[in-house]
Each structure stands twice: as structure tokens, then as C-alpha cells.
Protein chains: 2
Amino acid sequence: MKLVQIYECLCDETRLRLLNLLLQGPLCVCHFQTILGEPQVKISKHLGYLKTRGLVMARREGNWIVYALPEKRPHELSANLACLQDCAGDQAVFRRDLARLRQLDLSCSPLNAAGTPVAHGRRCC
Amino acid sequence: MKLVQIYECLCDETRLRLLNLLLQGPLCVCHFQTILGEPQVKISKHLGYLKTRGLVMARREGNWIVYALPEKRPHELSANLACLQDCAGDQAVFRRDLARLRQLDLSCSPLNAAGTPVAHGRRCC
DNA sequence: GATCTATATTCTTAAATAGGAATGTAGTTT
DNA sequence: AAACTACATTCCTATTTAAGAATATAGATC
């Protein structure tokens, strides 16, 4: 993976916010919408941008598309994600996003943890 | 310093190459030209871009303008520069640039080390 | 199968960016 | 002061990028 391509993905604030959230675990699109407070197109397109370039992976889960960081990451990527996580803690936007993430009902997400089966078809966001 | 602004600086290969070289110490513009093999306008404009955004500093030294990383760097910046240095070692372009740097005659540069006075006015590159 | 929910894609427009050619400028040498 | 060196800036063009409105699609529910 070329270094520049990683930075091209990181050079937009919306994408930084998405990645910062994904560092906590997989999330579906509607959660990003709720947390960022940005319109659906915007979120969807930036996720698409990241997906095309291999920074995130997507899988369908019922009605929802769950995004996650790739499990196997080349060194350049993990190094930069670690750096992002380190630095994001200092800046208000990212801290606020993480705070909102914690308050979220993640019922439609695989993040609802410990094996609880995902409730397909339930209304989500 | 906003994180996005740092990444905006990093999302161009020419600028990455410049910064990667500057991690070794101060350099003047003509050295960048020689090492990168890119036209003067290109080098100069990217250095200007980095300077405007505070990623590099410039000082005049006789006929030459010497560029250097800022001495005092906010955490986001030093973290990302360290990450860049770490990752750049894996990619051919950056290794080649460093190799060329080592072969250079740095007579016009402050890099010519150990207090040797800089020979103003001598032809440089 | 009609409807609904979640998400993606297309179309269009505005703005940012990169690159080069040509020219300007500051300092140096003769 | 004329000529030269190192570098910056201006002007122009092509490409990329971001954003939103509108529309399309895939799967779930009724």
C-alpha cells in the first residue's frame, strides 16, 4: 500500500472522524450519520472512498452495511492508524465523536457485543 | 495545529519526499532539485505550501534559502513525522532519495556540519 | 408484491490542486 | 552597474475533489 494513498484518505476531516470511530470497532452507516450529524450522501461517499482504497471493509448485515477496519493491515496502515488514534485524543471533534459513540444504542450493530444476535429488521437509527 | 492540515500536507508524494529528506536535517532548495530530479517551480511551490502551513521553516543563507523542520513541534506534528520516517523506509522512492542525499556534496548547506563556515557565493548545484 | 428501511450511485456544480511557462526578485560576483 | 545564481510568484490549464439533490437498489416486513 502506497504511503501517499493512505494520506490521501486521511486528508479530509469527515474521513478522519469515520476512521477515528472505526478504531473503536465496526459500525454501520446509520451510526456514523447519527454521530457525525452529516447527511447520508456525505457519509456514504466518504466510506466508499475509503473502501475503494482499502482502508475499510464492508459487509452486509440484514438491512445494514457494517464497516470495519481490515483485520490484516500492512505496516504503513497500522502505524498511521495508531498515530491517528494517539493524536485525535487531543482534538475536540474527535473526542466529542467518541463521547457520542459511547452514548449510542448499538442494537443494530455487531458492536452490541458478547454474541447477542443482531436483531435484523428492527428499526435502527 | 489541526490534524487534517497536517495530512493535507502529507497527501502529495513530492511533499512527502521533501519532508522525508528534511528529517535528516536542513537543506537548500537546489539540493531538493538535484535529489528529486523535479523542476524548480515544482519544488519551490511545494516548499511554499509546507511553509505556509507551518510544516517547514525557511531562512536565507547568502544566495540560498535553507529549509528545515521547525525546532519546536506540536505533538501531532512530531508524531506524524516520526510515523512518516518509520514508514518511508519501506518504500523505494524514499530510500532512493536518502541514498542520493548521502552522495551529495553539501558544501552550500549548513549540513556540511561541524561548524565549517558556509562558502557564500560559490556555485552550488 | 407493495412498501419501507438502509445505503449506494448518478448528475451537476463549485472549489481546490497540481503542473508548467514565463517572469520577477534578492543577493552575489566581477 | 551589469551579469549571474538561487529562488519565488504570476498566469493559465487540466484534473481532482467535495457537496447536495435526486434517484436507484437490496433486503426486510407486511
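Computed from heavy atoms alone, side chains included, the values below leave out hydrogens, waters and symmetry copies. Every chain is numbered from 1 and lettered A, B, ... according to where its sequence line falls, protein lines coming before strand lines.
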Go through the steps for A/Lys2 and A/Glu76 under the test salt bridge (charged side-chain N to carboxylate O under 4.0 Å, His left out), then give the verdict. CA-CA 8 Å; A/Lys2 282 188 68 184; A/Glu76 321 84 78; over 6 Å; no
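- Nearest nucleotide to the side chain of B/Cys28, out of C/dG19, D/dA8, D/dC7: D/dC7.
- In this structure, B/Val29 and B/Leu47 have side chains that are in contact, with non-hydrogen atoms separated by less than 4.5 Å.
- The side chain of B/Ser44 sits closest to D/dC7 out of C/dT7, D/dC7, C/dT10.
- Candidate nucleotides C/dA21, D/dA8, D/dG20 were compared by shortest atom distance to the side chain of B/Val29, and D/dA8 ranks first.
- The side chain of B/Val41 sits closest to D/dT9 out of D/dG20, C/dA18, D/dT9.
- Spacing between atom CH2 of B/Trp64 and atom C1' of D/dC4 amounts to 13 Å, rounded to whole angstrom units.
- Closest to the side chain of B/Ile65, from the set C/dT7, D/dC7, D/dA28, is D/dC7.
- Summarising the geometry, the separation between NE2 on B/His31 and P on D/dA6 is reported as 10 Å, rounded to the nearest angstrom.
- The distance from atom CD of A/Gln40 to atom P of C/dC4 is 18 Å, rounded to the nearest whole Å.
- For the atom pair B/Leu10 CG and A/Leu10 CG, the distance stands at 8.5 Å (nearest 0.5 Å).
- When each of D/dG27, C/dT28, C/dT10 is scored by its nearest atom to the side-chain atoms of A/Asn63, the top-ranked nucleotide is D/dG27.
- B/Tyr49 is not connected to B/Leu19 by any chain of hydrophobic side-chain contacts under 4.5 Å among Ile, Leu, Val, Met, Phe, Trp and Tyr, and they are in different clusters.
- Taking 4.5 Å as the limit, every side-chain heavy atom of B/Ile65 sits out of range of all side-chain heavy atoms of B/Cys28.
- Taking atom CD of B/Glu13 as the reference point, atom C1' of C/dG19 lies 15 Å away to the nearest angstrom.
- Among the heavy atoms of the strands lying under 4.0 Å from B/Tyr67 are primed sugar atoms or P, OP1, OP2 only; no base atom is included.
- For residues 46-57 of chain A, proximity to DNA chain C is found at no residue, defined as any non-hydrogen atom under 4.0 angstrom from a strand atom.
- Closest to the A/Lys45 side chain, of the nucleotides C/dC11, C/dA8, C/dG20, is C/dC11.
- OP1 or OP2 of D/dC7 has not a single side-chain nitrogen or oxygen of B/Arg60 nearer than 4.0 Å.
- Note on residues 90-100 of chain B: pairs passing side chain to side chain donor-acceptor pair (under 3.5 Å), not counting sequence neighbours, are B/Arg17-B/Asp97.
- The side-chain contact (heavy atoms from CB on, under 4.5 Å) search around A/Lys51 returns A/Val56, A/Ala58, A/Tyr67, not counting sequence neighbours.
- Atom CZ of A/Phe32 is separated from atom P of C/dA8 by 10 Å (rounded to the nearest Å).
- One can place OH of A/Tyr7 at 21 Å from C1' of D/dT17, the figure rounded to the nearest angstrom.
- Per the geometry, CD1 belonging to B/Ile43 stands 13 Å off P belonging to C/dA18, to the nearest Å.
- A side chain to side chain contact (heavy atoms under 4.5 Å, CB included) with B/Leu69 is found for exactly one of B/Leu55, B/Leu50, B/Leu77, B/Leu22, namely B/Leu22.
- When rounded to the nearest whole Å, the span between NZ of A/Lys42 and P of C/dT7 equals 18 Å.
- In this structure, A/Gln33 and B/Glu8 both approach DNA chain C, and ranking their closest nucleotides by distance from the 5' end singles out A/Gln33.
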